[in-house]
2 protein chains.
Amino acid sequence: MNSTVASMRQDPDSTGSGTRLPTTAYALLGLLSFGRELSGYELKQFSDSTLRFYWSSPAMSQIYSELGRLLDHGLVDSREVDGPGSRTTTKYRINDAGLAELRGWLVTSEAEFPVLKHSVALRLLLAHLVDPGSVEAMLKTYDEQLTERRRDLAAILDGITDDETFRFPAYVAQWGLDYYAAEKRTVRRILRDLNE
Amino acid sequence: MNSTVASMRQDPDSTGSGTRLPTTAYALLGLLSFGRELSGYELKQFSDSTLRFYWSSPAMSQIYSELGRLLDHGLVDSREVDGPGSRTTTKYRINDAGLAELRGWLVTSEAEFPVLKHSVALRLLLAHLVDPGSVEAMLKTYDEQLTERRRDLAAILDGITDDETFRFPAYVAQWGLDYYAAEKRTVRRILRDLNE
DNA sequence: TGTAGCATGTAAGCCGTTACATGATTGA
DNA sequence: TCAATCATGTAACGGCTTACATGCTACA
């Protein structure tokens with residue numbers, strides 16, 4: 001189906017180590033490593049509640065194409081499941097090769113330094129070009145968005161604390177909350193400074 | 001959400017407002033808005049010392065292609081300058097149309113919520129798959145990288161404080177330092193928690 | 001003499017998004 | 001019955017990176 005030429009690379013080993021996948025593929029594989037068998041749609045929900053906060057939440061179309069790629073590489077197994085009506089849903093589960101590949105990626109490759117696409121900071125850099133009021137408005141909007149985000153993430157953290165399966169996801173969620181708190185402090189300090 | 005702008009596509013006017021440029025183009029235009037006439041190479045240096053910390057530092061090839069695009073849209077002027085030897089260098093300067101376009105972008109479009117590509121957090125999420133030692137090592141490496149980054153950024157901030165031209169860049173740089181400090185605190189807290 | 005920095009580009013290709021298509025089920 | 005949600009994809013394309021190409025200058 002979608003196996004085009006990408007899977008016909010010069011080394012056709014599927015059981016691991018050799019082919020480098022995009023990080024998002026490892027991220028999705030990682031979500032599957034928590035054990036549940038998920039459909040593309042469910043994986044999207046899951047990534048919206050996790051990856052969104054410190055990676056990017058892939059579009060549905062990308063979820064499907066990455067799942068296709070993982071299948072091509074033999075890192076996940078798929079299964080047709082009957083839905084509520086007459087429809088069938090494809091569900092995916094990580095297999096041993098996938099776990100090995102994921103572990104291999106984690107231990108052999110280095111984590112890159114995080115990349116921030118911070119358009120609020122970018123716009124603040126250029127604040128000499130606009131009137132002070134609009135800069136203030138932008139920062140206040142950002143402050144409100146931070147409040148929303150924090151609420152969303154706090155709710156997620158609430159649902160996984162005390163569940164040993166999600167010990168590390170809980171660390172990451174707490175990390176996100178700390179980050180949002182730090183952003184809020186900075187934004188407020190800048191707002192104060194601007195009014196002088 | 002913001003797709004109302006999409007309908008204003010097909011007008012090929014070059015003097016502004018109508019054509020949406022990629023954010024990186026506005027970022028580079030923004031760097032030129034500080035007044036200096038720069039070559040592509042110098043713009044790369046400049047972006048490495050500014051955009052790098054809260055946006056991405058574009059590759060040389062992208063700098064050149066964005067400059068070409070800005071030129072096509074009439075937002076910058078270019079000039080051939082004799083270099084030290086027999087070579088000539090093309091220098092670019094923002095013009096009035098460019099300033100207007102940049103101001104228009106700043107006031108009419110909304111800042112998106114920042115996107116993080118945090119592979120350290122992503123890997124921490126999956127820490128259940130690897131041995132505790134390698135997680136600890138990763139976090140320590142990140143802590144060291146943060147120290148380096150902070151040093152780099154502190155040096156840059158040092159060079160622009162008390163220069164009124166760079167008032168807003170100084171805010172942004174301080175923002176970056178706050179962010180690195182918050183990251184350090186979090187990383188250390190997690191390292192402590194892991195040893196329990 | 002050779003390497004690092006200055007300086008400018010082209011070509012190929014991947015990652016990821018938006019737009020387009022399709023259709024079933026559930027609840028207001 | 002109409003909208004929202006579930007569910008799965010294809011096509012087109014934009015942004016950005018890497019690799020490739022070229023050649024000069026300064027300096028150790």
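Applying a 4.0 Å cut-off to non-hydrogen atoms, the residues of residues 21-46 of chain B that approach DNA chain C are B:S39, B:G40, B:Y41, listed by residue number. For the segment residues 102-125 of chain A, no residue has any heavy atom less than 4.0 angstrom from an atom of DNA chain C.
Atom CH2 in B:W55 sits 9.5 Å away from atom CG in A:L116 (nearest 0.5 Å). Rounding to the nearest 0.5 Å gives a distance of 5.5 Å between OG of A:S33 and CD1 of A:I94. One distance of note links CH2 of B:W175 with CZ of B:F168; it measures 13.0 Å at 0.5 Å rounding. Between B:L75 atom CG and B:E66 atom CD the span is 11.5 Å, to the nearest 0.5 Å. The line from CZ of B:R79 to OG1 of B:T88 is 11.5 Å long, rounded to the nearest 0.5 Å.
In this structure, CD1 of B:I63 is placed 15 Å from P of C:dT10, rounded to the nearest angstrom. Note: CG (B:D48) to P (C:dC6) measures 12 Å, nearest angstrom. Atom P of nucleotide C:dT17 and atom CE of A:M60 are separated by 12 Å, given to the nearest angstrom. If you measure from atom CZ of B:R79 to atom C1' of C:dA7, you get 16 Å, rounded to the nearest angstrom. Rounded to a whole Å, the CZ atom of A:R69 is 19 Å from the P atom of D:dT8. The OH atom of A:Y64 sits 17 Å away from the P atom of C:dT22 (whole-angstrom rounding). Between the P atom of C:dA7 and the CD atom of B:E80 lies a distance of 13 Å, rounded to the nearest Å. In this structure, CZ of B:R52 is placed 18 Å from P of D:dC16, rounded to the nearest angstrom.
Across all strands shown, A:T90 has heavy atoms under 4.0 Å from sugar-phosphate atoms exclusively, and none from any base.
When each of B:R189, B:R185, B:K184, B:R149 is tested with B:D143 by the rule salt bridge (charged side-chain N to carboxylate O under 4.0 Å, His left out), just one qualifies, namely B:K184. Remark: of the listed residues A:R188, A:Q145, A:R150, A:H118, A:H118 is the sole one forming a side chain to side chain donor-acceptor pair (under 3.5 Å) with A:E183.
The B:T89 side chain lies nearest to C:dA7 when the options are D:dA7, C:dA7, D:dG9. You'll find that the side chain of A:S61 is closest to D:dA11, out of D:dA11, D:dT17, C:dG9.
For A:F166 and A:F34, the gap between ring centers is short of 6.0 Å.
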Trace of the salt bridge (Lys or Arg N to Asp or Glu O under 4.0 Å) decision for B:E136 with B:K140: CA-CA 6 Å; B:E136 210 178 308; B:K140 282 180 177 164; 3.2 Å; yes
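Note on ring orientation: taking the six-membered ring where Trp is involved, the planes of B:W105 and B:Y26 are parallel (angle under 30°, cut-offs 30° and 60°).
Where the helix from C:dT1-D:dA28 to C:dA28-D:dT1 starts and where it ends, the local axes point in directions that differ by 30°; five pairs per end, rounded to 10°.
Close to D:dT17, at under 4.0 Å from its OP1 or OP2, lies a side-chain N or O of B:Q62.
Atom CG of A:D96 has 12 or fewer neighbouring heavy atoms from other residues, nucleotides or ligands inside a 6.0 Å radius.
Salt-bridge formation is not detected for the pair A:K117/B:E112: no Lys NZ or Arg NE/NH1/NH2 atom is positioned less than 4.0 Å from an Asp or Glu carboxylate oxygen.
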